[in-house]
Amino acid sequence: MFIENLVIDFYNVIAKQKVLILVNYDIDAICAARILQTILKYDAISYTLIPVSKISDLISSYKEHINNFKYVILINCGGTIDIVENLEPEENVVFFIADSHRPTDVCNIYSLNDQINEDTLDNEENINNESRVAKRRRLDEQSINKRLWEKNRRRILFEYSQFSYYGRSTSILMFELSWQLRRDNFDLLWWGIIGVVEQFILNKIEILQYLNEVEKISTHIGRLCANNDQVIDNSSQNSVTSSQQSSVSNLKINCEKDLQLALYRHWTVENSLRYTMFTAVGLKLWAIKGEKRLHQLLVEMGLPLAESRQQYYSMDLSLRNEFHNMIEKMSDTRNLTHITYPSFTLLQGFRTKYQAADYVYSLLALLSNNTRSKNLRDCFYEAMDALLRVRKDLLDDGIEKSKKLLMVMFKHVQSALDMKQIMTAGPFYYMVIQEGTINAKYCSNPDCLWLLATFALKAYVTTSRKSKAARLPLIASAPLEDGYCIMLGVPPVTETTPRSFFGKAFEQVAEKTGSVIQADYFDSTAVKLQVADRAKIFDALVVLLS
Amino acid sequence: MLCSNAVGLIKQLERTSDDTVPPYDTDNIRIVLQEMKSLYDENVEIVNSTRDHMEDAMFALKIRHRALKRNKRCLLAYLWNRLERIKEMRWQIGSILPAEMKCNFSPSEEQWLSNYNKSLASYMRTIGPNGGLNLLQNLKPPKSLYVVVRSLVDIGRIELDDGEMIVLKKDAQYMMLRSHCETLIHQGILEHVL
């Protein structure tokens with residue numbers, strides 16, 4: 001069942017209980033978990049928090065820890081699978097699922113004993129669709145024409161589960177819970193914002209959805225920052241306490257238009273322009289003429305080359321103040337429309353501003369940074385700690401790493417285009433990242449692979465002369481360890497809603513070919529399979545989709 | 001010199017640091033007591049024998065009496081301060097003191113400690129509605145009762161003080177009562193995080 005009122009149906013139930021929290025490895029989930037942790041801390045609710053990366057991981061962690069718990073909260077995981085069937089829980093265990101993955105598994109919503117509570121105020125369409133299924137299910141007892149009904153049911157279910165996409169960010173949902181409990185504060189809001197911006201940056205939600213969220217958030221900012229202004233008023237009257245309170249008022253979140261340039265505040269303008277997906281695609285920077293085009297843009301903007309190669313914060317002040325206007329003026333003529341988007345910046349004291357997107361890139365780099373010395377869970381906690389204001393060193397470290405990540409991605413796309421590694425297979429494109437490539441280790445993270453694949457597809461479409469190109473999706477595949485590889489489908493460029501049908505397609509292909517595809521990721525568009533089976537799967541996909 | 005042993009006892013106590021109890025100095029105490037006895041005897045003898053020449057004996061009497069009083073004061077101070085230290089240790093270390101500390105106690109001090117423990121326990125049982133309150137926990141008010149900890153090693157299932165079972169797996173994060181996890185943090189099993 002869906003939860004209507006977060007406080008009554010969710011929070012009051014878990015209050016004074018022990019809860020088990022399972023968190024997925026993604027930025028939205030980490031932010032949501034942080035917010036939830038803060039809320040639970042106020043009420044001294046003891047919990048155990050475990051990061052889980054895959055469905056198998058979820059099942060094993062659940063079985064290890066469940067003995068002591070009656071209440072389980074799943075953050076950004078488990079919504080798309082049938083919980084009762086997979087976890088085989090005891091009768092008295094209650095699940096709360098806060099998952100932005102869609103579609104939500106039907107069995108979770110209409111579980112017989114209401115054991116599972118969907119922690120989402122979901123969009124209408126979704127619920128209506130569901131209730132139709134349920135109604136039909138109820139009617140069937142009297143109905144004679146059972147076969148017709150079943151066919152219909154299967155069709156509706158198929159339509160419902162055909163596309164996998166993302167719903168509302170979980171972290172903003174958690175922030176709203178904190179708001180309803182009157183526990184919201186500055187940090188919680190910022191973490192909520194990061195969750196929303198992550199969905200936008202990684203192209204998980206539509207722009208309209210994003211703008212909607214931005215509007216809602218800006219009212220929260222108004223409320224929370226208004227309190228800050230009051231503090232300043234008080235302190236001016238009461239000069240004794242002013243020194244203490246001024247530290248509070250130095251924190252500020254601004255909602256403003258910002259550039260879609262990755263990390264430009266912490267990088268040089270030239271590099272940022274070069275390695276951001278948006279500008280790289282717009283200016284076709286991977287081509288030989290790309291560099292010239294970049295320089296030409298800088299010239300027309302009136303930004304000296306020497307300045308553009310400096311760190312942004314040490315650029316000339318007048319240039320820095322003019323930078324936004326200059327680039328916005330150029331954007332229309334340069335195939336870079338919509339270079340600005342409404343975003344948020346965090347200002348702490350007199351240091352450099354952080355854009356919400358900077359946090360996202362930094363966390364992404366920290367999360368995908370698993371090397372031999374660091375396992376996945378270390379990365380998870382590093383990313384979690386980087387959210388704290390006192391651990392800025394981790395955040396800055398992440399920013400450095402994400403610069404490297406963006407550079408690697410750009411170079412990979414460049415070489416993939418040069419070497420013609422993106423190939424057509426009739427109804428879709430595919431790109432295989434070979435094992436042994438230096439960059440392969442970055443790509444084992446689904447989020448990074450998703451970003452890379454989107455980048456590659458966009459780049460390919462702009463270079464391709466065929467008009468059909470824009471309508472085709474791309475399948476990317478990257479090696480994992482032990483002879484396995486990850487495969488992931490990206491929707492075509494023309495698709496306005498970022499939803500992908502590959503989850504279902506992979507499933508059907510697996511049925512037909514009899515090869516083992518492990519849908520082990522919470523995002524159903526990504527699957528894990530044996531490298532040996534890859535070619536077979538591609539062939540079967542061609543047959544299925546054409 | 002009169003009273004030198006008694007002052008010596010005090011000095012001996014003063015020389016040791018505040019959180020230890022030096023060995024109970026039976027010899028010195030016996031010497032002081034003997035001195036007091038002899039002083040008293042001499043006084044009694046003078047008072048009994050020389051009833052007429054009271055004036056002359058008065059000074060000697062007064063000096064001896066002062067010395068007696070001083071010895072008494074020093075002895076009491078010695079014993080009192082030792083008890084204070086033992087009490088302090090009881091609150092800091094717990095009801096069962098290590099044997100190497102206990103061997104410095106006199107038998108009566110040990111007796112006192114066990115009595116003290118008994119009355120403290122029975123007092124703590126009477127506070128609050130259910131089963132009393134452990135006054136020894138949180139001598140200073142803690143910032144929060146619960147802390148967030150991360151497990152550093154795989155321990156598996158363990159039982160906490162209050163009988164609850166918990167599974168400690170590497171890289172899981174827990175919010176636990178501070179009192180439960182303090183020892184585990186000392187042992188390096190858990191790590192406190194912000």
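Letters A, B, ... mirror the listed sequences (proteins, then strands); counts begin at 1. Everything quoted here is computed from the prediction, not taken from an experiment.
For B/Y116 and B/W112, the distance between ring centers is under 6.0 angstrom.
A/S362 places a side-chain N or O within donor-acceptor distance of the main-chain N or O of A/L395, the cut-off being under 3.5 Å.
If you measure heavy-atom distances from A/K41 to chain B, the contacts under 4.5 Å come from both the backbone and the side chain. With a threshold of 4.5 angstrom between heavy atoms, A/I21 does not approach chain B through any atom at all. If you measure heavy-atom distances from B/V147 to chain A, you find no contacts under 4.5 Å at all.
A side-chain N or O of A/D396 and one of A/Y354 form a donor-acceptor pair less than 3.5 Å apart. A donor and an acceptor atom, one from each side chain of A/N185 and A/D187, are nowhere located under 3.5 Å apart.
Counting heavy-atom pairs closer than 4.5 Å to chain A, the top-ranked of the candidates B/R150, B/K169, B/M176 is B/R150.
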